[in-house]
Amino acid sequence: MSTIDTLQSLTITRPDDWHLHLRDGAALASVLPHSARQFARAIVMPNLKPPVTTTAMAQAYRERILAALPAGMRFEPLMTLYLTDNTDPDEIRRAQDSGFVHAVKLYPAGATTNSDAGVTDLTRCYRTLEVMQEVGMPFLVHGEVTDQDIDLFDREAVFIERVMRPLRRDMPELKIVFEHITTKDAAQYVAEADGPIAATITAHHLLYNRNEIFKGGIRPHYYCLPVLKREEHRLALMTAATSGDERFFLGTDSAPHAVGAKETSCGCAGCYTALHAMEMYTEAFERAGALDKLEAFASFHGPDFYELPRNTEQVTLKREAWTLPQTVPMADGSLVPLNGGEQINWKLL
Ligand SMILES: NC(=O)N[C@@H](CC(=O)O)C(=O)O
Ligand SMILES: [Zn+2]
Ligand SMILES: [Zn+2]
């Protein structure tokens with residue numbers, strides 16, 4: 001064992017979360033402290049009901065987030081806009097000028113939670129995407145095709161061929177983040193592509209393969225989109241995350257849903273990890289013998305891609321076993337964190 005494997009504590013630059021769902025209202029107030037405890041900043045997803053489609057809506061949402069932050073906590077929400085077939089190219093210029101909108105998000109219509117207002121055909125958005133390319137506004141992509149005749153487990157790989165390659169051929173300078181990648185196909189595509197592209201990787205896709213959803217029965221808290229994949233894909237994600245390649249960085253995709261919306265005959269997609277995401281990532285990197293690569297993945301590659309300053313504060317993770325709560329109270333019902341009731345071996349101080 002190398003010395004780093006036996007470390008009792010690990011001090012790194014405070015990380016950021018480059019893909020986070022904070023929701024709104026009572027749910028926002030319940031989940032925000034969990035993220036703020038761990039992360040200095042987060043890219044906040046715009047898939048509210050109704051979706052955050054304008055700079056004015058993003059500004060109002062940002063103010064609600066800051067108002068929900070408990071006294072004494074610091075956290076910077078980095079706002080995003082939800083792309084629709086009708087997003088006006090001028091909206092991109094307003095967003096860019098705002099200073100607080102940092103990206104625009106693609107939800108293919110019907111692909112995931114609250115994506116009904118999403119894009120039906122990306123070519124309809126080309127004038128808007130051209131302005132994004134021109135001003136350097138990052139384009140964040142939920143990369144799954146929605147065709148019902150494509151197997152659920154193949155939707156990300158097919159997206160690369162049908163959407164990503166044509167898009168990048170047409171807009172080679174557009175900055176793209178391939179969000180929450182789940183396959184070796186996506187990891188390889190991002191590692192090898194020319195031009196400005198990166199990918200976020202969740203902690204749960206590093207730690208689990210699809211067996212987890214069905215262990216001993218159907219376990220809805222492990223259901224998210226894109227769905228967990230085969231072990232070979234998990235291994236490819238681990239290799240990418242721990243490679244030191246600056247194109248891969250941390251994005252939890254923590255996605256809170258009230259327990260009743262998960263534990264039901266047709267449960268929502270989304271894993272809640274904001275409570276313990278850094279501990280989960282640390283566990284994953286330790287298993288790969290790559291704790292020395294965690295800081296760059298969690299704290300450097302993201303701000304570098306977004307052209308934001310790196311954080312200067314530090315945080316410490318201690319090797320200390322603790323048991324996650326079974327549930328987290330939420331004003332409108334409770335929330336089950338991923339691995340609720342189980343033990344985790346690291347603790348963020
Ligand atoms: N990841 C998920 O399974 N769900 C996310 C949406 C998303 O990121 O696709 C959510 O908003 O609940
Ligand atoms: Zn998504
Ligand atoms: Zn998400």
Side-chain angles (χ1 to χ4, degrees), residues 16-25 27-28 30-32 35 39 42-52 61 77-83 102-119 138-146 152-153 155-156 159-160 163-164 176-183 186 198-208 210 212-213 219-229 237 249-264 266-274 277 280 302 330 333 335-338:
D16 303 301
D17 184 351
W18 300 95
H19 182 131
L20 176 63
H21 299 273
L22 285 175
R23 313 302 190 208
D24 210 344
L28 164 63
S30 309
V31 302
L32 179 61
S35 288
F39 301 104
I43 284 280
V44 179
M45 290 295 139
N47 61 332
L48 302 183
K49 283 182 203 164
V52 180
Y61 185 29
L78 307 171
M79 308 311 292
T80 61
L81 299 190
Y82 185 117
L83 186 70
H102 292 271
V104 174
K105 179 72 193 268
L106 169 66
Y107 290 101
T112 187
T113 307
N114 297 349
S115 62
D116 298 348
V119 172
F139 189 39
L140 315 184
V141 173
H142 179 110
E144 288 191 288
V145 294
T146 54
L152 178 78
F153 293 92
R155 288 183 188 170
E156 184 174 283
F159 182 91
I160 297 170
V163 184
M164 194 64 103
I176 294 183
V177 183
F178 199 154
E179 295 291 333
H180 49 40
I181 61 167
T182 63
T183 58
T200 52
I201 306 181
T202 78
H204 46 288
H205 287 98
L206 289 177
L207 287 171
Y208 306 115
R210 64 191 193 176
E212 212 62 31
I213 309 169
R219 302 205 299 162
H221 299 290
Y222 289 87
Y223 173 60
C224 65
L225 288 170
V227 71
L228 293 170
K229 303 293 192 298
L237 299 177
F249 46 84
L250 184 157
T252 64
D253 193 20
S254 177
H257 291 278
V259 61
K262 294 283 293 174
E263 298 179 6
T264 173
C266 187
C268 297
C271 298
Y272 188 66
T273 57
M280 289 174 70
M330 235 187 358
L335 186 65
V336 176
L338 197 67

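We count ligands from 1, going down the list as the structure has it; atoms in each ligand are counted the same way. What you see below is based on every heavy atom in this structure, not just the backbone, and it leaves out hydrogens, waters and symmetry mates.
Protein heavy atom in closest approach to atom 5 (C) of ligand 1: H21 NE2, 3.6 Å. What sits closest to atom 6 (C) of ligand 1 on the protein, heavy atoms only, is T112 OG1, 3.3 Å.
Residue-ligand proximity: H257 is placed with a non-hydrogen atom under 4.0 Å from ligand 1. Contact between R23 and ligand 1 is present, with at least one heavy atom of the residue lying under 4.0 Å from the ligand. Using a 4.0 angstrom heavy-atom cutoff, H19 counts as in contact with ligand 1.
Remark: C224 SG to K262 NZ distance equals 7.5 Å, nearest 0.5 Å. Note: C271 SG to M280 CE = 8.0 Å, rounded to the nearest 0.5 Å.
Residues L250 and F39 share a closest heavy-atom pair of CD2-CE2, 3.8 Å.
The closest side-chain heavy-atom distance from I213 to Y208 is not below 4.5 Å. Side-chain contact between M79 and V52 is absent, with no heavy atoms from C-beta onward closer than 4.5 Å.
Heavy-atom contacts of H180 reach the following atoms of ligand 1: 8 (O), 9 (O) (cutoff under 4.0 Å). Listed by atom number, the atoms of ligand 1 under 4.0 Å from H142 heavy atoms are 9 (O). Near N47, with a cut-off below 4.0 Å to any heavy atom, the atoms of ligand 1 are 6 (C), 10 (C), 11 (O). Short contacts between ligand 1 and A269, defined as distances under 4.0 Å to a heavy atom of the residue, involve ligand atoms 2 (C), 3 (O), 4 (N), 12 (O). Residue C224 approaches ligand 1 through these ligand atoms, each under 4.0 Å from one of its heavy atoms: 3 (O). Residue-ligand proximity, G270 to ligand 1, at heavy-atom distances under 4.0 Å covers atoms 2 (C), 3 (O), 4 (N).
Taking 2.8 Å as the criterion, H21 counts as a coordinating residue of the Zn ion (ligand 3), since one of its N, O or S atoms falls below it. Taking 2.8 Å as the criterion, H19 counts as a coordinating residue of the Zn ion (ligand 3), since one of its N, O or S atoms falls below it. Distance check for D253 against the Zn ion (ligand 3): an N/O/S atom falls below 2.8 Å.
Between F178 and F159, the ring-plane angle classifies as tilted under the 30° and 60° cut-offs.
Among the atoms of L225, some N or O lies under 3.5 angstrom from an N or O of ligand 1. In terms of polar-atom proximity, D253 is counted as a contact of ligand 1, with an N or O under 3.5 Å from an N or O of the ligand.
Side-chain contact, T252 with D17: a donor N or O sits under 3.5 Å from an acceptor N or O. K105 and T80 share no side-chain donor-acceptor pair at under 3.5 Å. For H142 and E179, the side-chain atoms include no donor-acceptor pair closer than 3.5 Å. A donor-acceptor contact closer than 3.5 angstrom links the side chains of E263 and H221.
Checked against the 6.0 Å centroid threshold, H205 and H180 do not count as a close aromatic pair.
Looking only at its N/O/S atoms, H142 has ND1 as the one nearest to the Zn ion (ligand 2).
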